[in-house]
Undergrad: 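Right, I'll just put the structure down here and ask away after.
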Amino acid sequence: MSEELWQRCLTRLEDELPSQQYNMWIRPLQVAASADGAELTLFAPNRFVVDWVRDKYLERIGEVLGEMQAGSLPHLRLEVGSSRAAAVPAASAPQPVSTPAASPAGPIRTPEPAEVRSAAPQAEVGGARKHRSNLNTGFTFATFVEGKSNRMAAAAAQQVAENPASHGYNPLLLYGGVGLGKTHLMHAVGNELIRRNPNAKVVYLHSERFVADMISALRNKTINEFKRFYRSVDALLIDDIQFFAGKEQSQEEFFHTFNALLENGQQIILTCDKFPKEVDGLEERLKSRFGWGLSQPMEPPELETRVAILKKKAEEAKVDLPNDAAFFIAQRIRSNVRELEGALRRVIAHVRFTGAQIDIGLIKEALKDLIALQARQISIDNIQRVVAEYYKIKINDLLSPRRTRSVARPRQVAMALSKELTSHSLPEIGENFGGRDHTTVLHACRKVLELRESNPEIEEDYQNLLRTLTS
Amino acid sequence: MVAQLPLALQLREGNDLSNFVAGDNGALFQGVRETVMGADRQAFIWGAEGLGKSHLLEGAVRLAQQEGLEACLLPAEELLPLSPGVLESMEQFDLLAVDDCQHFAGDRHWEEALFHLYNRLMARGGRLLVSASAAPAALGLMLPDLATRLAAGPVYRLQPLGEEDLEALLIARARTRGLRLEPEVAHFIVLRSERSPAGLVALLNRLDRLALAQQRSVTIPFVKDALGW
């Protein structure tokens, strides 16, 4: 009865309010009526929404309800939570103390659990509370595409999965730029640990979740339970530890958890977007401890690996992606795997819409905005600016006739990048570098190619520059 | 003579996917529907102002609700005066639609809040639609982690509608107001007005009110007269 009344109230409010406000604040409220219909509880996801709705809309909601129904009205309550709340924490949070304000009204219905989550590994921890591994079962070693850029990291991860907490591999720290597969490898280890030992307590979480849990534990005075929980796992997987930066109390707590786990021979796996020593706002003692085990960098995948990744993703999506088409995409999306997959998704969406086969023409059409955007971002000017900044020289040095090594090498690199990343002709490139001849450009490109093969430092510089320019 | 004032009461026309004129945006339109239905986990839509991004997102939220899903619209501009804490626990929805995401760009707190929300939502199996004025890489986001995540699904550019589609849109919108608009009148208006759906709908609202006040039907002479063209 009361829920039906709320539906009628919604129809009225939809007519009264700007649709944006209605769809943000009113329609998403979840409703639960008490059994006798005397009370109607509206649930909002957090206290900010509750406060806002109370300030701006609650009075009007009460009025509309009054107009809708003569006689006694249900008592209206506004609370943080969800009418599905009772089932939510089990499905969403792996930790014991992250439950938001509980719903007094009880569950109306249960949510579908996330499809990709592992449901099996649950364990009793610290009393009646349960946890989930929160691992994405799709991220395994089998679905990870290896290449030159990530082979060492993959081998280290495999080693940890086979011999957890072995000397020299604890903690395992995977670091590198965004979208390069750190999280995938981390989950792969977790999944493999559980495959080998279904009773293993493996917990994956993002560093933000650790911080949020700790704050909530402090607030609810359950910090001891928090500590017990995190120290009881066989393997703790924490993603993106750079987000601990500046959060001193969380770092303190994590430091102790970290030490306890290491002492007891439990495995820790961490990811970070850069080498931890370079993260500002992270305590020195943490940085130093992160280096106790094995730190493995992950680099952007080279062309062949990008092609292999695309082929694999296409296969998973049951789409036929010809080799030349895969090369075409891989040559244009260089920076990271996530965007590579996004581009493939866009192509697949185009195929679904047109019903056509994938070929280069179709890809050009589907990705034309992306390609145009890149073309705009990558100009010779832009390359010169980025290269000059990278080598800490002046742009004018690149254009000048000076031939000292400290200037000539960056100039050659900038020319090679211009040839690779823009569609300018060699004479045009030469012209843009202080009016040089096209044979000079050609020589520079050959020289850089040669140096990249013989000198890892130059190869690394080149890859860093490519990444900066194409991300 | 004083013009008769039309009643301020007007049937609200909902932003529905059913009254969205897709034009050349067929793949995008289907992509949005498929994200709601779960075939894709996320989609990003970018384009100039007034082309219908908000309409699409509101329509998607409605479709989700009709399908029995919990869905919430998150208009960045409306949220900006509040604390980023407003995104807490939003992952409890099956579908979130973040409109005008460019307003979050450059604000580290909002970007981080959105980044974490993205992670939580995806971990739960939720779906995400995001609209913005530019593609993820061109939004000027401070967090590269966020930019790449927003680009991890299909990224669509909303193309402006051609003349014929704009005329069809105008006629359809007029019809839902109970206003008869002949094709030649629609053609006349489209040729002379701002070529965006939002601009045309605003113009139609003006014409509707004036026609009602003056008790006239919407003809070319009336339009010339009313708008001073």
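Only this structure's heavy atoms are used, side chains among them; waters, hydrogens and symmetry mates stay out. Because the structure is predicted, anything quoted here is derived from the model rather than measured. Lettering of chains follows the sequences in order, A, B, ..., and the numbering in each one begins at 1.
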Undergrad: Which answer fits A/D240, side chain, backbone, both or neither, if we ask what part of it has an atom under 4.5 Å from a heavy atom of chain B?
TA: side chain
Undergrad: Assess whether atom CD of B/Q66 is packed by more than 12 heavy atoms of other residues, nucleotides or ligands within 6.0 Å.
TA: yes
Undergrad: Distance check, rounded to the nearest 0.5 Å: B/S89 atom OG versus A/F48 atom CZ?
TA: 10.5 Å
Undergrad: Considering only heavy atoms, which portion of A/Q242 lies under 4.5 Å from any heavy atom of chain B: side chain, backbone, both, or neither?
TA: side chain
Undergrad: At a heavy-atom distance under 4.5 Å, which candidate from B/L150, B/L57, B/T148 has the highest pair count against chain A?
TA: B/T148
Undergrad: Tell me whether the count of non-hydrogen atoms from other residues, nucleotides or ligands lying under 6.0 Å of CZ in A/R12 goes above 12.
TA: yes
Undergrad: Write down the atom of B/P75, the atom of A/Q20, and the distance for their closest heavy-atom approach.
TA: CB-NE2, 3.4 Å
Undergrad: Any side-chain to backbone donor/acceptor pair from A/N46 onto B/E88? Under 3.5 Å, distance only.
TA: yes
Undergrad: Suppose we screen for side-chain hydrogen bond (donor to acceptor under 3.5 Å, both in side chains). Which residues come up paired with B/R149, at least two apart in sequence or across chains?
TA: B/N119
Undergrad: Which heavy atom in A/R338 sits nearest to a heavy atom in B/A152, and how many Å separate them?
TA: CG-CB, 3.3 Å
Undergrad: Check B/D40 with A/R346, please: is the shortest side-chain N to carboxylate O separation under 4.0 Å?
TA: no
Undergrad: Would you mind checking if A/E14 and B/R62 are paired as a salt bridge, meaning a charged N to carboxylate O distance below 4.0 Å?
TA: yes
Undergrad: Between chain A and each of B/A147, B/G31, B/G26, B/S83, count heavy-atom pairs under 4.5 Å; write down the option with the most.
TA: B/G26
Undergrad: Around A/D280, counting heavy atoms of other residues, nucleotides and ligands shown, do more than 12 lie under 6.0 Å from its CG?
TA: no
Undergrad: What distance do B/E34 atom CD and A/I348 atom CD1 have between them, rounded to the nearest 0.5 Å?
TA: 11.0 Å
Undergrad: Are any of the side-chain heavy atoms of B/L73 and A/Y22 separated by less than 4.5 Å?
TA: no
Undergrad: So, A/E208 and B/R120, do they make that salt bridge, N to O below 4.0 Å?
TA: yes
Undergrad: Just to verify, what does B/E78 make a salt bridge (Lys or Arg N to Asp or Glu O under 4.0 Å) with, not counting sequence neighbours?
TA: none
Undergrad: Atom NZ of residue position A/K274 - does it have more than 12 heavy atoms of other residues, nucleotides or ligands inside 6.0 Å?
TA: yes
Undergrad: Between B/Q92 and A/P45, which heavy-atom pair has the shortest distance, and what is it?
TA: NE2-CA, 3.8 Å
Undergrad: Could you pull out the closest heavy-atom pair between A/H350 and B/A27, with the gap in Å?
TA: ND1-CB, 4.3 Å
Undergrad: Which distance, rounded to the nearest 0.5 Å, do you find between the CH2 of B/W46 and the CG of A/D369?
TA: 5.0 Å
Undergrad: With a 6.0 Å cut-off on the ring centroids, do A/F243 and B/F115 count as close?
TA: yes
Undergrad: Testing the basics here: between A/V49 and B/M90, what is the closest heavy-atom pair and its distance to 0.1 Å?
TA: CG2-CE, 3.8 Å
Undergrad: For A/S19 and B/E58, what are the C-alpha separation, side-chain angles and deciding distance, and is it a side chain to side chain donor-acceptor pair (under 3.5 Å)?
TA: CA-CA 8 Å; A/S19 62; B/E58 284 176 29; 2.6 Å; yes
Undergrad: Tell me which of these, B/S54, B/A97, B/A135, B/P144, has more heavy-atom pairs under 4.5 Å with chain A than the rest.
TA: B/P144
Undergrad: Show your reasoning for whether side-chain contact (heavy atoms from CB on, under 4.5 Å) applies to A/R27 and B/V61.
TA: CA-CA 10 Å; A/R27 182 62 181 77; B/V61 166; 5.8 Å; no
